[in-house]
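In what follows, every chain begins at residue 1, and chains take the letters A, B, ... in the order their sequences are listed. Small disclaimer: the values here were computed from a predicted structure and weren't measured.
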Amino acid sequence: MSEPTAESKSEPKQVYDPATIEPKWQRFWVERDVFRTPNPGDADFDAGKPKFYALDMFPYPSAAGLHVGHPEGYTATDIVSRYKRAKGFNVLHPMGWDAFGLPAEQYAIQTNTHPAKTTAANVETFRGQLQRLGFSYDWNREISTADPKYFRWTQWIWKRLYERGLAYESNAPVWWCEALGTVLANDEVINGRSERGDHPCERRPLRQWVLKITEYAERLLNDIDGLDWSESLKTMQREWIGKSEGAEVDFDVIGHADTKIRVFTTRPDTLFGASFMVLAPEHPLVDAITATAQRGAVDGYKKTAASKSELERTDLAKDKSGVWTGAYAQNPLYPEGDERGRIPVWIADYVIVTYGTGAIMAVPAGDERDFEFAQKFDLAIPGIFAPATGDAEADAKVAAGQACCTAEVPYAAHCHTADGSLQLAGLAMAEAKRKTIEWLVARGRGEAKVTYKMRDWLFSRQRYWGEPFPVLHTQDGVELVPDDQLPVELPHMDDFKPGGVPESPLIRAREWVETKDAKGRPAQREINTMPGAAGSSWYFLRFCDPHNEQQFCSKAASDYWLPVDLYVGGTEHAVGHLLYSRFWTKVLHDAGHVGVVEPFHKLYNQGMIQAFAYEDGRGGIVPMKDVKEIGDEAVHATTGESLKRIVTKMSKRYGNVVNPDEVVGEYGADTLRLYEMYMGPLADSKPWNPKDVPGLYRFLQRAWRLAVPEHAENGAIHAHLREDRDGDPALEKALHRTIHKVDGDIGRMAFNTAIAAMMIFVNDATKAIDKLSRGQLLRFAQLLQPFAPHLAEELWARLSGEGLLAYAAWPQVDPAMLVDDEVEIAVQVLGKVRGRVTVATGAAKDEVLAAARAAVAGHLEGKTVVKEIVVPGKLVNFVVR
RNA sequence: GCCGGAGUGGCGGAAUCGGCAGACGCACGGGUUUCAAAAACCCGCGCCGCAAGGCGUGCGGGUUCAAGUCCCGCCUCCGGCACCA
């Protein structure tokens with residue numbers, strides 16, 4: 001680099017220079033604790049203000065540092081936080097670290113660096129990066145889930161779950177990889193092979209901790225209705241919970257006295273059409289009922305099913321498979337000896353052992369899957385419906401059992417029991433279901449039943465870097481570590497390598513594992529650790545009272561701050577994290593520790609920031625280092641082949657990852673914040689376009705020059721801004737309009753259009769710069785503050801605004817300033833704009849029409865006006881003949 | 001397959017309740033300034049057409065004085081779920 005020239009040396013101060021402004025204010029905000037938020041009970045707490053809790057999904061502090069996706073949501077909540085502060089709210093806007101997790105442990109295995117050490121270093125990086133973006137977090141409330149002062153309470157909450165019967169041990173299958181000698185998480189296994197190294201993996205049962213989230217299924221489902229979340233997200237949660245209402249029905253197995261098979265069905269009304277039964281291959285009764293002649297086939301099928309991964313078994317368009325057990329079951333609706341009631345029992349892998357009772361009654365006439373199965377294996381398909389849709393051919397097919405019908409149609413006349421105690425013909429579906437269940441209940445053959453797809457939450461991992469369970473195993477069973485001995489900390493270990501057994505590496509920390517219980521008896525510590533979602537299931541509570549050493553969070557603090565008023569994050573947590581957090585909140589509520597039953601009132605999902613990539617003729621993506629961009633065209637740097645631009649995920653492989661630090665280095669944090677908000681609606685996915693970034697920088701420069709002339713000495717502001725005087729009335733109007741627009745846009749999270757409105761104001765003000773007053777510019781700085789806080793605070797200071805802009809009140813809108821004296825009205829003839837007229841606001845209809853007629857006289861000539869439509873203040877439409 | 005969401009200039013997007021399609025930004029073109037360049041500023045910029053005018057919000061229909069917006073039928077893309085009885 002050459003020495004700076006004399007010219008560039010004397011340049012500085014007067015040009016907008018984020019590199020000096022931004023660090024200055026960042027230091028100021030941190031050193032003076034500008035964004036510290038007092039809690040109820042603190043000396044400087046103002047109980048007169050309403051509260052607002054704006055929360056980001058806290059990040060996992062990865063070694064890669066922040067990517068441009070993080071600041072998108074963070075900027076949105078920061079804008080709302082700064083806005084709400086200016087509007088007179090007590091704002092809780094915290095940040096912390098989801099610090100337990102696999103990558104740190106992997107890194108530890110590779111480099112022998114303790115996860116605590118790498119995590120601490122990554123946190124430093126993340127905090128620094130976030131502070132360089134000017135977010136108004138209250139850093140006094142910073143928390144880390146891996147901090148013993150934090151996970152002490154994660155353990156404490158877990159104990160409360162245990163005490164309430166919501167935590168239990170179970171033998172659940174885990175992915176075990178022989179070649180790697182370790183247990184893998186679900187997402188590390190692809191098609192039954194390890195992601196790393198592509199080694200075969202198998203499911204092995206292992207003792208695990210499980211949380212009984214299913215006990216809360218109904219409440220988790222019902223309370224979705226009151227949440228201010230997107231419909232699509234609510235739908236995802238509802239479908240995940242997957243409630244089904246129906247009945248369980250008992251079938252006797254013919255020739256096996258005392259053996260009943262219980263099935264679950266949502267269509268008890270189709271019981272007359274049950275022509276076979278299917279058990280999951282793993283169903284416990286399979287062995288007992290299998291006939292000798294079928295034993296070989298059944299065992300073979302079971303073996304094949306067991307070796308298939310869940311993915312293979314539930315594979316899409318795959319053919320149905322199954323084998324007959326040789327047994328028959330008795331349909332309870334038909335008398336013994338009636339051929340229609342004697343149905344074969346099959347096993348097939350399309351029935352899942354963990355759902356319902358793991359057994360179904362197959363009604364091919366009313367269920368597509370059963371129909372397909374019946375056709376493939378040539379099983380009876382008795383018709384049970386008598387549809388009258390008007391399509392005679394289709395109706396006849398359904399009646400004859402040649403087609404499957406899942407819609408609500410009339411039942412066939414023969415759908416009745418021999419003694420007439422149950423008759424379905426003429427009933428609506430709901431009624432038929434009810435009557436059938438009644439009939440079954442009266443005879444002890446079944447009952448109404450509600451089933452959920454959601455399963456209990458597998459709550460342990462065979463890993464080192466997670467929260468230890470506060471649990472001891474003694475000869476008498478499980479014993480909890482007393483509250484006053486929490487936290488149970490991790491032992492120090494130097495070697496995290498998997499030990500070749502399907503257990504956590506903690507098993508090798510002998511001195512830690514072998515301990516004594518409260519009575520001095522030998523005990524072993526639990527070696528499973530908690531999953532990543534443990535700490536994140538309650539962090540929003542800890543933020544309310546982060547330093548409390550007596551409680552996880554005082555009731556007073558959570559009563560004041562909860563629920564979270566605005567929660568912003570990605571859709572990837574649509575079911576996992578959000579469901580777990582709702583579950584823990586409800587449990588803590590039931591235990592009397594938290595007032596609310598739902599933690600997150602309004603939730604907003606930001607879209608993904610994508611990137612451009614270039615595709616060659618064969619549809620392969622060419623890494624950016626091999627792409628040469630010439631104007632609008634792009635070619636392969638070596639072959640010269642012309643390439644097609646596409647939008648895709650940012651990926652290291654494609655070399656199209658944008659590093660926020662580089663953007664900050666070149667244009668400053670305010671430009672980055674503005675650009676990310678200006679790209680498009682927050683909820684949409686949209687591509688990062690480096691060419692667009694300077695546009696936002698230019699906007700900030702223009703805003704800067706409203707105060708500081710381009711060639712000023714020592715950055716002195718315009719002379720006419722040094723004193724107070726009345727601002728230009730036209731600019732005053734424009735300003736009020738802008739405030740009004742920004743107000744509304746922040747309210748609906750439409751930050752892109754709010755910025756557009758401010759751009760319009762800056763353009764207007766630039767054109768009339770000599771008429772701009774100090775008061776007007778101060779108010780504009782307030783408007784800009786949530787979006788570009790550094791520049792706004794600097795402008796405020798240079799214009800000698802009172803106190804700190806961060807504490808200043810939001811500017812007022814005078815409704816009178818939003819109305820004009822005159823409006824321009826479009827004049828249409830037959831719906832096409834043919835002219836325009838300017839009339840006084842609120843002008844009489846006749847007056848408007850007269851002016852409009854005159855404006856389009858040429859188009860009306862020789863025509864008859866048959867209708868006149870006047871939309872006040874907007875348009876006039878003449879319908880002519 | 002099922003359930004969501006979306007499709008608007010060369011690009012990102014705007015149009016909040018059925019009322020002037022294309023705000024704002026980028027790119028591009030022209031100009032001012034400059035020895036020159038950058039920066040900055042001004043003007044232009046949906047498509048066809050010299051113009052008058054016509055066409056235009058994925059495609060095809062419909063409702064309406066008026067449709068990007070509402071209704072019916074398709075197509076494409078993105079996200080989620082996926083044999084859940």
Side-chain angles (χ1 to χ4, degrees), chain A residues 15 230-236 238-240 242-244 246 263-267 270 278 313-318 320 348-352 354-363 366-370 372-373 451-455 571-572 574-575 605 607-608 610 612 631-632 645 647 674-675 678-681 683-696 698-699 701-702 705 710 741 744-745 747-748 750 752-760 763 766-767 824-834 836 866-880:
Chain A
V15 295
S230 72
E231 272 314 309
S232 72
L233 192 66
K234 289 191 193 181
T235 303
M236 271 193 231
R238 288 190 189 108
E239 284 178 357
W240 185 263
K243 180 181 182 175
S244 291
V263 302
F264 173 70
T265 177
T266 55
R267 293 293 302 274
T270 62
V278 186
R313 270 187 63 166
T314 60
D315 198 12
L316 357 128
K318 148 193 100 132
K320 293 256 180 314
D349 65 5
Y350 82 91
V351 173
I352 296 161
T354 49
Y355 183 77
T357 60
I360 61 158
M361 63 178 210
V363 184
D367 185 284
E368 306 267 7
R369 298 153 301 186
D370 299 343
E372 195 191 314
F373 194 84
T451 300
Y452 302 90
K453 259 191 254 184
M454 182 172 68
R455 306 188 196 162
T571 356
E572 63 271 23
V575 281
N605 284 123
M608 224 196 320
Q610 302 162 305
F612 294 134
D632 280 352
R645 192 171 90 173
V647 170
L674 237 11
Y675 174 63
Y678 191 69
M679 291 172 78
D684 290 2
S685 288
K686 54 238 165 213
W688 182 278
N689 186 354
K691 284 188 175 162
D692 285 338
V693 178
L696 283 301
R698 282 203 279 269
F699 162 62
Q701 271 183 53
R702 287 162 72 84
R705 282 203 301 266
E710 205 171 349
K741 174 74 178 154
D745 284 351
R748 59 189 186 108
N752 53 335
T753 49
I755 294 167
M758 289 190 282
M759 285 175 168
I760 293 170
N763 291 344
T766 300
K767 281 173 195 158
E824 193 184 57
I825 285 185
V827 185
Q828 299 181 331
V829 177
L830 286 173
K832 286 190 165 41
V833 179
R834 298 298 184 185
R836 294 169 185 287
V866 293
K867 200 169 180 184
E868 295 163 333
I869 288 119
V870 180
V871 183
K874 292 257 165 91
L875 59 73
V876 172
N877 190 9
F878 293 111
V879 185
V880 298

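No engagement by A:Pro694 is indicated, since no non-hydrogen atom pair under 4.0 Å with the nucleic acid exists. The residue A:Ile869 sits close to a base: some heavy atom pair falls under 4.0 Å. Residue A:Glu824 is classed as a base contact, given a heavy-atom separation below 4.0 Å to a base. Counting any heavy atom pair closer than 4.0 Å across all strands shown, A:Asn763 reaches sugar-phosphate atoms only and no base atom. Nucleic acid contact for A:Arg748: base, since at least one base atom lies under 4.0 Å from a heavy atom of the residue. Backbone-only engagement by A:Lys686 is indicated by non-hydrogen atom pairs under 4.0 Å involving sugar-phosphate atoms exclusively. Residue contacts for A:Lys243: at a heavy-atom cut-off of 4.0 Å it reaches no nucleic acid atom on any strand shown. Within 4.0 Å (heavy atoms only), A:Asn752 reaches sugar-phosphate atoms of the nucleic acid but no base atom.
Which of B:G19, B:G13, B:A27 sits closest to the side chain of A:Lys691 comes down to B:A27. For A:Ile760, the side-chain atoms get nearest to B:A23 when compared with the rest of B:G19, B:A23, B:G80. Closest approach to the A:Lys832 side chain among B:C55, B:A14, B:A85 is made by B:C55 (side chain taken as heavy atoms from C-beta onward). Nearest nucleotide to the side chain of A:Tyr678, out of B:A40, B:C24, B:G54: B:C24. Taking every side-chain heavy atom of A:Val879 into account, B:C65 is the closest of B:A21, B:U16, B:C65. Of the listed nucleotides (B:A27, B:C24, B:G19), B:G19 has the atom at the smallest distance from the side chain of A:Leu875. Here the nucleotide nearest the side chain of A:Lys874, chosen from B:C20, B:A14, B:G19, is B:G19. With B:C24, B:C20, B:A85 as the candidates, the nucleotide lying closest to the side chain of A:Ala756 is B:C24. Candidate nucleotides B:G25, B:C3, B:C20 were compared by shortest atom distance to the side chain of A:Glu239, and B:C3 ranks first. Checking B:C24, B:C26, B:C65 against every side-chain atom of A:Met759, the shortest atom distance belongs to B:C24.
Listed pair A:Arg698 / B:A27 meets the phosphate criterion, a side-chain N or O lying under 4.0 Å from OP1 or OP2. A sub-4.0 Å separation between OP1 or OP2 of B:C41 and a side-chain N or O of A:Arg702 is present. At the phosphate of B:C41, OP1 or OP2 sits under 4.0 Å from a side-chain N or O atom of A:Arg705.
In this structure, CE of A:Met454 is placed 14 Å from P of B:A82, rounded to the nearest angstrom. Here the P atom of nucleotide B:C28 and the CG atom of A:Asp692 are 12 Å apart, to the nearest Å. The nearest whole Å value for the distance from the CE atom in A:Met608 to the P atom in B:G5 is 18 Å. Atom C1' of nucleotide B:C3 and atom CH2 of A:Trp240 are separated by 15 Å, given to the nearest angstrom. Taking atom CG of A:Asn605 as the reference point, atom C1' of B:C78 lies 15 Å away to the nearest angstrom. The CD atom of A:Glu368 sits 14 Å away from the P atom of B:A85 (whole-angstrom rounding). Rounded to whole Å, atom C1' of B:C26 lies 11 Å from atom CZ of A:Arg645.
Taking atom P on both B:A37 and B:C20, the two are 44 Å apart, rounded to the nearest angstrom.
Checking B:C59 for Watson-Crick or G-U wobble geometry (two distances, each under 3.5 Å) identifies B:G73 as its partner. Remark: B:A21 base-pairs with no nucleotide; criterion is Watson-Crick or G-U wobble with both hydrogen-bond distances under 3.5 Å. Across all strands shown, nothing is found opposite B:A52 as a Watson-Crick or G-U wobble partner with both distances under 3.5 Å. B:U32 is paired with B:A40 under the criterion used here, namely a Watson-Crick or G-U wobble arrangement in which both key atom distances are under 3.5 Å. Look at B:C81: its Watson-Crick or wobble partner, with both distances under 3.5 angstrom, is B:G1.
Side-chain atoms of A:Tyr675 and A:Asn689 include no donor-acceptor pair closer than 3.5 Å.
Between A:Phe264 and A:Tyr355, the angle of the ring planes goes over 60°, which puts this pair in the perpendicular group of the 30/60° scheme.
Put simply, the side chain of A:Lys686 gets close to the backbone of A:Pro681: a donor and an acceptor are under 3.5 Å apart.
Between A:Gly695 and A:Met679, the residue whose closest nucleotide on RNA chain B is further toward the 5' end is A:Met679.
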(request) Report the C-alpha distance between A:Asn605 and A:Thr571 in whole Å, list the side-chain angles of each, state the deciding distance to 0.1 Å, and finish with yes or no for side-chain hydrogen bond (donor to acceptor under 3.5 Å, both in side chains). (result) CA-CA 6 Å; A:Asn605 284 123; A:Thr571 356; 4.8 Å; no
